Protein chains: 2
Amino acid sequence: MSGQALKGHLDLLILAVVAGDPAHGYAVIEGLRSRSGDVFDLPEGTVYPALHRLEKSGLLRSEWSIVGGRRRRTYQLTKKGERSLSAEWHKWDNFSTAVAKVLGGTPWPATT
Amino acid sequence: MSGQALKGHLDLLILAVVAGDPAHGYAVIEGLRSRSGDVFDLPEGTVYPALHRLEKSGLLRSEWSIVGGRRRRTYQLTKKGERSLSAEWHKWDNFSTAVAKVLGGTPWPATT
DNA sequence: ATTGACACCTAGCAATACTGGGTGTAGTAA
DNA sequence: TTACTACACCCAGTATTGCTAGGTGTCAAT
C-alpha cells in the first residue's frame, strides 16, 4: 500500500522517528508502522539503505550493541540531523500546503 | 525550489488542474504555478512528458488547435481520468494524514 | 534585429524506493 | 529435533520518474 508516494519524504519520516528516541533499524520500521496507523509498512530493503544514506550524510550516527544475543545498530540524530529534520519539516509543510491549494481549486462532485 | 518532493504526486496535481477546465501544456504549468502560490514552478521537461504519459494511460485525451498562429494541444480528463483523480486524491489524503501522524509523535523544541 | 513570452518536443541523467536475495539468533510449536 | 516465526542485519540490481539540456517555431515589443 505504501506505493512509491514517499519519494523524497522518507528521510523526513525516518529522522522524525529517530528524533523521538534513538532506535535501531527494525524499530524504525515498527515505529513508522505504528505511528502512521499501519499506513507505512516499509520493507527492510527500503529502510536500511536509507539509514545508511543518512549516516553517510552525517545526519545520523550509529552504535552497535548486542541485546538478547542479537546484534543491533542503534541510530541517533546528530546536530546536523536535527537541523535537517527542522528544514525538511518546513519543506513538507510548504509542499503539502501547496498541494492542498492546487486541489482546493478543483471542483469535485459529491464523493461517491 | 520544487526539489524532487513531488515524485509520485505530479499526476494528481496535473489531473486536478486539467479537471478545473481543459488546458494545454503551457497553461497547465501556469495553473500549477499560480494555484500553488508560486511553489510549483515546474520545467517543461517535467510537465510535457507527464502529460504524454497520462494520455498514454488513457487518463487524458488531447486535441490540437491553432490559437494566434501557435499550435496548441489541449488536454481534458477522460472518465478514467476522473476516477483516477478521485482515487489519487484519496491516496494523497491518506498519505499526508499519515505523515502528519508520524511527525506529530515527534517532540520538537521551539522552532528557532 | 533581437529579445522575451508563448508553445511544443525529446534523449539521456540522476535520484531513490523497491524486489529479491542472503546471513544469523531466539523462542515456540509440531 | 525440526520447523516456523519474529527479530535483526545486509546488498545488488531494477524500475520509476522528475529533471537537465538541448531542439523547433510563432508573435509582439524594443
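Being a predicted model, the structure only gives us computed values, none of them experimental. Naming convention: chains lettered A, B, ... in sequence-line order (proteins, then strands); numbering from 1 in each chain.
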**OP:** Could you check how far NZ of A:Lys7 sits from P of C:dA14, rounded to whole Å?
**Re:** 16 Å

Subject >> Nearest-Å distance for atom pair CG/P, residues A:Asp41 and C:dA17 >> reply: 16 Å

**OP:** Count the heavy atoms of every other residue, nucleotide or ligand shown that sit under 6.0 Å from CD of A:Glu30, and state whether that count exceeds 12.
**Re:** yes

**OP:** Could you state the atom-to-atom distance from CG of B:Leu54 to C1' of D:dT16 in whole Å?
**Re:** 14 Å

Subject >> Integer-rounded Å distance: D:dT20 P and B:Leu42 CG >> reply: 10 Å

**OP:** Send over the distance from A:Leu10 CG to C:dT16 P, rounded to a whole Å.
**Re:** 10 Å

**OP:** Give, for atom CZ of A:Arg61 and atom CD of A:Gln76, the distance between the pair rounded to the nearest 0.5 Å.
**Re:** 5.0 Å

**OP:** Using atom types as modelled and distance alone, determine if a side-chain donor or acceptor of A:Ser57 lies under 3.5 Å from a backbone N or O of A:Arg53.
**Re:** yes

Taking only N/O atoms, report every protein-nucleotides 7-10 of chain C pair under 3.5 Å with atom names and distance.
| unit_1 | atom_1 | unit_2 | atom_2 | d |
| --- | --- | --- | --- | --- |
| C:dA7 | OP1 | B:Arg72 | NE | 3.1 |
| C:dA7 | OP1 | B:Arg72 | NH2 | 2.6 |
| C:dA7 | OP2 | B:His24 | NE2 | 3.3 |
| C:dC8 | OP1 | B:Arg73 | N | 2.9 |
| C:dC8 | OP1 | B:Arg73 | O | 3.4 |
| C:dC8 | OP2 | B:Gly25 | N | 3.3 |
| C:dC8 | OP2 | B:Tyr26 | N | 2.6 |
| C:dC8 | OP2 | B:Tyr48 | OH | 2.8 |
| C:dC8 | O5' | B:Tyr48 | OH | 3.4 |
| C:dC8 | N4 | B:Glu44 | OE1 | 2.5 |
| C:dC9 | OP1 | B:Arg73 | NH1 | 2.5 |
| C:dC9 | OP2 | B:His52 | NE2 | 3.0 |
| C:dT10 | OP2 | B:His52 | ND1 | 3.4 |

Subject >> Value in whole Å for how far the P atom of C:dC18 lies from CZ of A:Phe40 >> reply: 10 Å

Subject >> Polar side chain donor-acceptor pair, B:Glu55 to B:Ser62, under 3.5 angstrom >> reply: yes

Original post:
If you round to the nearest 0.5 Å, how far is CG of A:Leu54 from CG of A:Leu15?
Top reply: 5.5 Å

Original post:
Looking at A:Arg53, does any N or O in its side chain come under 4.0 Å of the phosphate oxygens OP1/OP2 on C:dA17?
Top reply: yes

Subject >> Under the side chain to side chain donor-acceptor pair (under 3.5 Å) test, residues paired with A:Arg71 that sit two or more places apart >> reply: none

Original post:
Between A:Leu51 (CG) and D:dC9 (C1'), how many Å, whole number?
Top reply: 11 Å

**OP:** Take atom CD of B:Glu30 and atom P of C:dC6, then tell me their distance rounded to the nearest Å.
**Re:** 6 Å

